[in-house]
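Order of the sequence lines fixes the chain letters, A, B, ..., with proteins taken first and strands second; residue numbering starts at 1 for each chain.
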2 protein chains.
Amino acid sequence: METLRARKKQRTRDALLRTAVELFTTRGYEETTVDEIAEAVDVSQRTFFRYFAGKEEAALALQELAVLRFVEAVRERPADEAPVQALRQAVLEGWDTLHEVIEAVVPVELYLRMHRVIESTPVLLAAHLRRNEETEDTIARVLAEREGLDVDADPRPRLAVAVFGGVMRVTERQWSTGEDFSVEAMRALTISYLEQVGPALTERWRTR
Amino acid sequence: METLRARKKQRTRDALLRTAVELFTTRGYEETTVDEIAEAVDVSQRTFFRYFAGKEEAALALQELAVLRFVEAVRERPADEAPVQALRQAVLEGWDTLHEVIEAVVPVELYLRMHRVIESTPVLLAAHLRRNEETEDTIARVLAEREGLDVDADPRPRLAVAVFGGVMRVTERQWSTGEDFSVEAMRALTISYLEQVGPALTERWRTR
DNA sequence: TGTCAATTGTCAGCGGCTGTCACTAGCCTC
DNA sequence: GAGGCTAGTGACAGCCGCTGACAATTGACA
């Protein structure tokens, strides 16, 4: 069974994460100090850094959950599916089941608001983009394995994933700055944008 | 004519930038303190921050030069050229004329080595990616204007640029981790990867 | 040459982050 | 269930990036 110690640790971590996100989404990221977070949870500042490698990590921890979910979804896609199609399905699946992953720690609404904070805070956005690249590398490896290729010898997996990732970033950005900040809107945007990529690259824009 | 004051300022900035890059490429970014840079130039630490918004900015200043050049190249492309083709040409042009821009401040070789440092230093890579996104937004606006479109109403410019940017990032990464770290190698890689994007997205990978 | 303005140095201080060490509290064995 | 063991924590000191404020200096220009 679960030891008391482990449960206590989990509670401290959850409390820190919850409090951090709460403060970040209300006061803003830069305007919140680690000391304030620690104090609100009644823990020393040093302890905060024992749970999170840095202030950034606490801000991106929720995102990380969603990303892990997405990677898992890709892994579980049928092997006969075309790579790009698998990515598309996995992303949509990810959005549909967001609450299952997030709700265990914080309300989904807080996750969405935190997303906006990330997008509008330069240093957080930067860290977020870097993690995206790491994720893309992971996904490229998964696809390569599915197709029996060597990621380092054949650039196609990485290329496909990068293209897909590029489209998703545009989608995310459009979504986070738009009015309808709901999961459904994200779903619709994703489908719409993915459909437009092909034409946008090949057809003439002016003769719409 | 140029005032003495202005010349002195320019010299200080150049010295700071040169020294910073030199230290970053030899000792490493994290292992170099701003105090050390300032001391090496015989200037107070405070002065360093009057020339650069932060340590990061000094590390990315050379990159910024190349980026500005690239954006300019896109602007100067003939208006009847297809968007993606314009980007392709501008990138290649940028690489071919790199030395004209960089050599005025530091040897090109230092620029290349600094590139590697950026790619291998998480915090620098993050900042670099964020700047890339800003550049992509700029480029999208340029393309939209060329084609007489509204960037915020029509997603195609941003989509095309994001896709292109994705491919370029894969290219850069491959290049910076490969053996042939020359400008020519970058040229060849760029051409090769851009050619493979279409097939990678549409054709089946296994039946190569 | 003397006045004005731009540039720099000095000092003080905040916030993120880390190493160290002592202390507490859960765990496990006998 | 007493005692030893160790994971987890707090307290403290200190480095580094960065900023505001003010004084000192140095070029510009009448």
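Which of D:dG10, D:dT9, D:dT6 sits closest to the side chain of A:V43 comes down to D:dG10.
When the ring pair (Phe, Tyr, Trp, His ring centres under 6.0 Å) test is applied to A:Y193, no partner is found at least two apart in sequence or on another chain. Partners of B:E109 by side chain to side chain contact (heavy atoms under 4.5 Å, CB included), not counting sequence neighbours, listed by chain and number: B:R113.
Note on A:K9: a side-chain N or O is less than 4.0 Å away from OP1 or OP2 of D:dG8. Taking only side-chain nitrogens and oxygens, B:T47 comes nearer than 4.0 Å to OP1 or OP2 of C:dG9. Dashed line: the shortest gap from a side-chain N or O of B:Y51 to OP1 or OP2 of C:dT8 is under 4.0 Å. Residue B:K8 places no side-chain N or O under 4.0 Å from the OP1 or OP2 atom of C:dT7.
Distance, B:E56 CD to D:dC16 P: 18 Å, rounded to whole Å. Rounded to whole angstrom, the span from the NZ atom of A:K55 across to the P atom of D:dG17 amounts to 18 Å. In this structure, CD of A:E57 is placed 15 Å from P of C:dG16, rounded to the nearest angstrom. As rounded to whole Å, 14 Å separates atom P of D:dC5 from atom CZ of A:R5. Put simply, CZ on B:R11 is 13 Å from C1' on D:dG27, counting in whole angstrom units. Counting to the nearest Å, the P atom of D:dA7 and the CZ atom of A:R7 are 19 Å from each other.
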Output side-chain donor-acceptor pairs under 3.5 Å for residues 181-189 of chain B, partner residues at least two apart or in another chain, one line each.
unit_1 : atom_1 : unit_2 : atom_2 : d
B:S182 : OG     : B:D180 : OD1    : 2.8
B:S182 : OG     : B:E184 : OE1    : 3.4
B:S182 : OG     : B:A185 : N      : 3.1
B:R187 : NH1    : B:D96  : OD1    : 3.1
B:R187 : NH1    : B:D96  : OD2    : 2.5

Pairs of donor and acceptor atoms involving the side chains of residues 142-149 of chain A, under 3.5 Å and at least two apart or interchain, shall be tabulated with distances.
unit_1 : atom_1 : unit_2 : atom_2 : d
A:R146 : NH1    : A:R77  : O      : 3.3
A:R146 : NH1    : A:P78  : O      : 3.4
A:R146 : NH2    : A:P78  : O      : 3.3
A:R146 : NH2    : A:E81  : O      : 2.8
A:E147 : OE1    : B:R206 : NE     : 2.9
A:E147 : OE2    : B:R206 : NH2    : 3.3

Measure all distances between protein nitrogen or oxygen atoms and nitrogen or oxygen atoms of nucleotides 19-23 of chain D, and list the pairs falling under 3.5 Å.
unit_1 : atom_1 : unit_2 : atom_2 : d
D:dG20 : N7     : B:R46  : NE     : 3.3
D:dG20 : N7     : B:R46  : NH2    : 2.9
D:dG20 : O6     : B:R46  : NE     : 2.9

Query raised in the report: Does the pair B:N132 and B:E136 meet the rule for a side-chain hydrogen bond (donor to acceptor under 3.5 Å, both in side chains), with working shown?
Result: CA-CA 6 Å; B:N132 271 358; B:E136 286 183 17; 5.7 Å; no

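Relative orientation of the A:Y111 and A:H115 rings is perpendicular, given thresholds of 30° and 60° on the angle between their planes.
The side-chain contact (heavy atoms from CB on, under 4.5 Å) test with B:K55 singles out one residue from B:L124, B:V34, B:L60, and that residue is B:V34.
Taken residue by residue, residues 15-39 of chain B places heavy atoms nearer than 4.0 Å to DNA chain D at B:T32, B:T33, B:V34.
A salt bridge does not link B:E72 with B:R69: none of the charged nitrogens is closer than 4.0 Å to a carboxylate oxygen.
Looking only at side-chain heavy atoms (C-beta outward), A:Q10 and A:D14 come within less than 4.5 Å of each other.
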